[in-house]
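Everything quoted here is computed from the prediction, not taken from an experiment.
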Amino acid sequence: YRVTGNKSRMNYWLKEAANVRENLMKTAWNGNYFAHMVHIDPKPDDEMDSIFMKEDFKKDWDRLSLSLTYSLNRGFLTQEEGQRIIETFRDFRDNPPAIESGVGTETEERYFSEWVTIYPAYLDGFGGAKSVGTGMNACLCSFGAGALSKGSYLYGYADYGTDILERLKDLCVRDGQIHFVYYRNGEVLPGVGPATWSSGSIYAALTEGLVGVRDGGNQYR
């Protein structure tokens with residue numbers, strides 16, 4: 001509507017967007033980033049059959065998600081909000097936590113990188129102990145890394161954005177290509193998702209972040 005000059009409809013949708021943002025921040029912002037899920041029914045304090053599910057629900061308010069990396073590039077965060085999300089991931093890089101076992105106890109291994117699909121792992125909701133560290137339950141994703149790198153340039157963390165790209169390059173050299181998902185120790189997790197999704201995310205970080213050429217239209221035309 002802005003492009004077509006329809007100011008009345010433009011103003012209507014700008015107000016709608018402002019309302020969505022206000023309610024989103026009021027409902028899901030935990031002070032540093034967005035909660036992975038906000039539970040309405042059942043609530044974390046309700047009785048549940050599984051003690052693991054109860055713990056999973058409680059952790060959702062502070063659980064890191066790959067969705068946070070994409071939120072950096074959606075054009076609705078303030079500078080301070082973007083910084084807090086980036087600093088959360090950077091702190092994860094600088095202080096990698098211990099890798100959890102399938103029953104929630106810590107092992108001696110540390111996370112290879114901060115590009116988590118989910119952290120901490122779900123102990124019940126993804127199918128129990130066997131799912132921890134596989135599929136999308138507490139693994140590492142290169143497509144999230146690309147989005148995080150791009151967002152880091154946008155919010156003034158160029159050194160961090162470049163560091164992410166350097167580490168992705170090292171993975172590509174090591175394996176001969178970029179993969180979609182990795183185990184928490186950095187090894188390739190085969191057969192999960194399209195690597196082209198990751199390549200596109202990294203390409204966007206390189207061109208629009210590192211190089212600084214912004215796509216003003218769509219599909220890089």
Please confirm whether the backbone N or O of [Y] pairs with a side-chain atom of [X], one donor and one acceptor, at under 3.5 Å?
| X | Y | answer |
| --- | --- | --- |
| Ser149 | Ala145 | no |
| Tyr155 | Glu80 | no |
| Glu100 | Pro120 | no |
| Thr27 | Asn23 | yes |
| Asp60 | Met37 | no |

Show the numbers, then the answer: is there a side chain to side chain contact (heavy atoms under 4.5 Å, CB included) between Leu14 and Met10?
-> CA-CA 6 Å; Leu14 286 174; Met10 176 191 77; 4.0 Å; yes
Starting at [atom1] of [X], measure out to [atom2] of [Y] and round the result to the nearest 0.5 Å.
| X | Y | atom1 | atom2 | value |
| --- | --- | --- | --- | --- |
| His179 | Cys172 | NE2 | SG | 8.5 Å |
| Leu64 | Asn32 | CG | CG | 10.0 Å |
| Met25 | Asn30 | CE | CG | 9.5 Å |
| Leu68 | Phe34 | CG | CZ | 8.0 Å |
| Phe143 | Tyr70 | CZ | OH | 6.0 Å |
| Glu187 | Leu171 | CD | CG | 9.5 Å |

Minimum heavy-atom separation for [X] and [Y], please, with both atom names.
| X | Y | value |
| --- | --- | --- |
| Gly146 | Leu168 | N-CD1, 4.4 Å |
| Leu154 | Leu72 | CD2-O, 3.5 Å |
| Phe180 | Val192 | CD2-O, 2.7 Å |
| Ile118 | Arg63 | CG2-CD, 3.5 Å |
| Leu189 | Cys139 | CD1-SG, 3.4 Å |
| Ser71 | Ile85 | OG-CD1, 3.6 Å |

Could you walk me through whether Tyr160 and Leu148 pass the side chain to side chain contact (heavy atoms under 4.5 Å, CB included) test, one step at a time?
-> CA-CA 9 Å; Tyr160 181 45; Leu148 180 59; 3.4 Å; yes
Report the C-alpha separation of Thr69 and Glu114 in whole Å, then their side-chain angles, then the decisive distance to 0.1 Å, and conclude whether the side chain to side chain contact (heavy atoms under 4.5 Å, CB included) test is met.
-> CA-CA 11 Å; Thr69 66; Glu114 69 277 26; over 6 Å; no
Contacts of type ring pair (Phe, Tyr, Trp, His ring centres under 6.0 Å), residue Tyr111, not counting sequence neighbours | Phe92, Tyr119
Any ion pair linking [Y] and [X] (charged N to carboxylate O, less than 4.0 Å)?
| X | Y | answer |
| --- | --- | --- |
| Asp56 | Lys59 | no |
| Arg184 | Glu109 | no |
| Arg167 | Asp163 | yes |

Answer yes if [X] and [Y] sit in the same cluster of Ile, Leu, Val, Met, Phe, Trp and Tyr residues linked by side chain heavy atoms under 4.5 Å apart, and no otherwise.
| X | Y | result |
| --- | --- | --- |
| Val132 | Tyr182 | no |
| Leu66 | Trp115 | no |
| Tyr33 | Leu24 | yes |
| Leu77 | Phe89 | yes |
| Ile86 | Leu140 | yes |

Among Ser201, Ser113, Ser198, Ser199, find the residue that satisfies the side chain to side chain donor-acceptor pair (under 3.5 Å) test when tested with Ser142.
-> Ser198
Answer yes or no: are there more than 12 heavy-atom neighbours, outside Arg9 itself, under 6.0 Å from its atom CZ?
-> yes
What side-chain hydrogen bond (donor to acceptor under 3.5 Å, both in side chains) pairs are there with at least one residue in residues 12-22, not counting sequence neighbours?
-> Arg21-Glu81
Do Ser131 and Asn137 meet the criterion of a side-chain donor-acceptor pair at a distance under 3.5 Å?
-> yes
